[in-house]
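Structure record follows, encoded as structure tokens.
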Amino acid sequence: MSFAGYFSHSAVADRELFEAITSELQRQQSQIELIASENFVSKEVLSALGSVMTNKYAEGYPGKRYYCGCECVDVAEKLAIERLCLLFDCKFANVQPHSGAQANLSALYALANHGDTILGMSLEMGGHLTHGASPTISGKWFNAIGYGIDKNGFLDYDGVQKLAKEYKPKVIICGASSYPQKIDFKRFREIADSVGAYLFADIAHYAGLIVAGLYPSPINHAHVVTSTTHKTLRGPRGGVIMTNDEVLAKKINSAVFPGVQGGPQMHTIAAKAVAFGEALRPEFKEYAKHVLENSVTMADRLKELGLNIISGGTDSHLSVVDLTELSITGKVAAEELDKVGITCNKNAIPFDEWPPSQTSGIRVGSAAMTTRGLRRNEFIKIADLIYKVLSNYEKSDYESVKEEVRKETLDLCKKFPLYS
Ligand code: DSN
């Protein structure tokens, strides 16, 4: 049975949706996926996501539900919690957040009150929307102050300390969406302690690397740690919250339900349990090692080709590439790369002169293509292809360059099949 055969029921019942799903499968199979926040889950995770657990209402927590008939979903949720605690060596975990944004909102709801001051990394400096950006509830319900990076692209810890002293935040948030270097969680805790703030670490991007011991863990420094489950951790789309503090654990549970969410998505929680089980295996450490190696390889090659990599390189699965030298915006670059089968996203660079809708950079990540089996040589090739497209943009033979590159990306994808 082909992988598309999994969807054979919808082929009969709903042709339009069947076509949308199979086309998406085909798109994923034929593109080089470099979006740093994406990955490809196992067929086992997909099966759990498509399981009967979606039918069950289970408001509450294992053993304390608002409905009867929760004995089987309780098993799934307890497994997810146990496995997550083992992965991150923590005492308490909540696996119900529907997403990273819900996890972060719940953490803030547990730690602070409406109107309190929070201090997080600014969106334009590499932070996340939910760390206090003005269009989100985190920026509207709290007095959100932003910190940033220095001119070399490294976190400005002295600046964070200064802002903390000045604004006395209730919560300091560390973690980022496009920061390629290691975060000094210990230093953040010292800053938080110096002003009596809670430290909340969002490890959504780095979770898989942390599990493999390739990136520092904040678990013994932060009061609360949140993550998504679908990036380097390679699970289903969703969020989690962890802590070692029993009092905070209770507050977090109440904040997630009934504070922010209603019924948990039990099929997703089952799929999280499957993915956490996979991440506990030695093969996952091997995978994460390749993610890091491939990321460094790609960044180094882009540098060799003459592009500026923000902060001079990467210590994680992602890099931010400054395109100023090539006189092409991040928006145009991402769109042009997409046309040749390389998917990435536009990204602001520090002190960007272009607005966020255009940007001067792109963000590239290695997690998804490493799952497909690509290694150092292929990542060097990908860097070469990126450079070939962008450095030839709008030159006389640009169309034929794009055709050549598209052929090469398709060949690479065929060599490393997905869900075959
Ligand atoms: N949208 C995610 C990312 O791309 O980093 C963060 O939520």
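First listed ligand is number 1; within each ligand, the first listed atom is number 1.
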Under-4.0 Å salt bridge between K331 and E335: yes

Nearest-0.5 Å distance, CG of residue N244 to SG of residue C85: 8.5 Å

Close approach, E38 and ligand 1, non-hydrogen under 4.0 angstrom: no

Under a 4.0 angstrom heavy-atom cut-off, which atoms of ligand 1 come close to [X]?
{"X": "H128", "answer": "6 (C), 7 (O)"}
{"X": "H205", "answer": "3 (C), 5 (O)"}
{"X": "S177", "answer": "5 (O), 6 (C)"}
{"X": "R363", "answer": "3 (C), 4 (O), 5 (O)"}

F185/F188 aromatic ring centres below 6.0 Å: no

The one among S37, A36, G365 that brings a heavy atom closest to atom 1 (N) of ligand 1: S37

Side-chain donor or acceptor of S177 paired with backbone N/O of H128 under 3.5 Å: no

Beyond-backbone contact of L323 with V321, side-chain heavy atoms, under 4.5 angstrom: yes

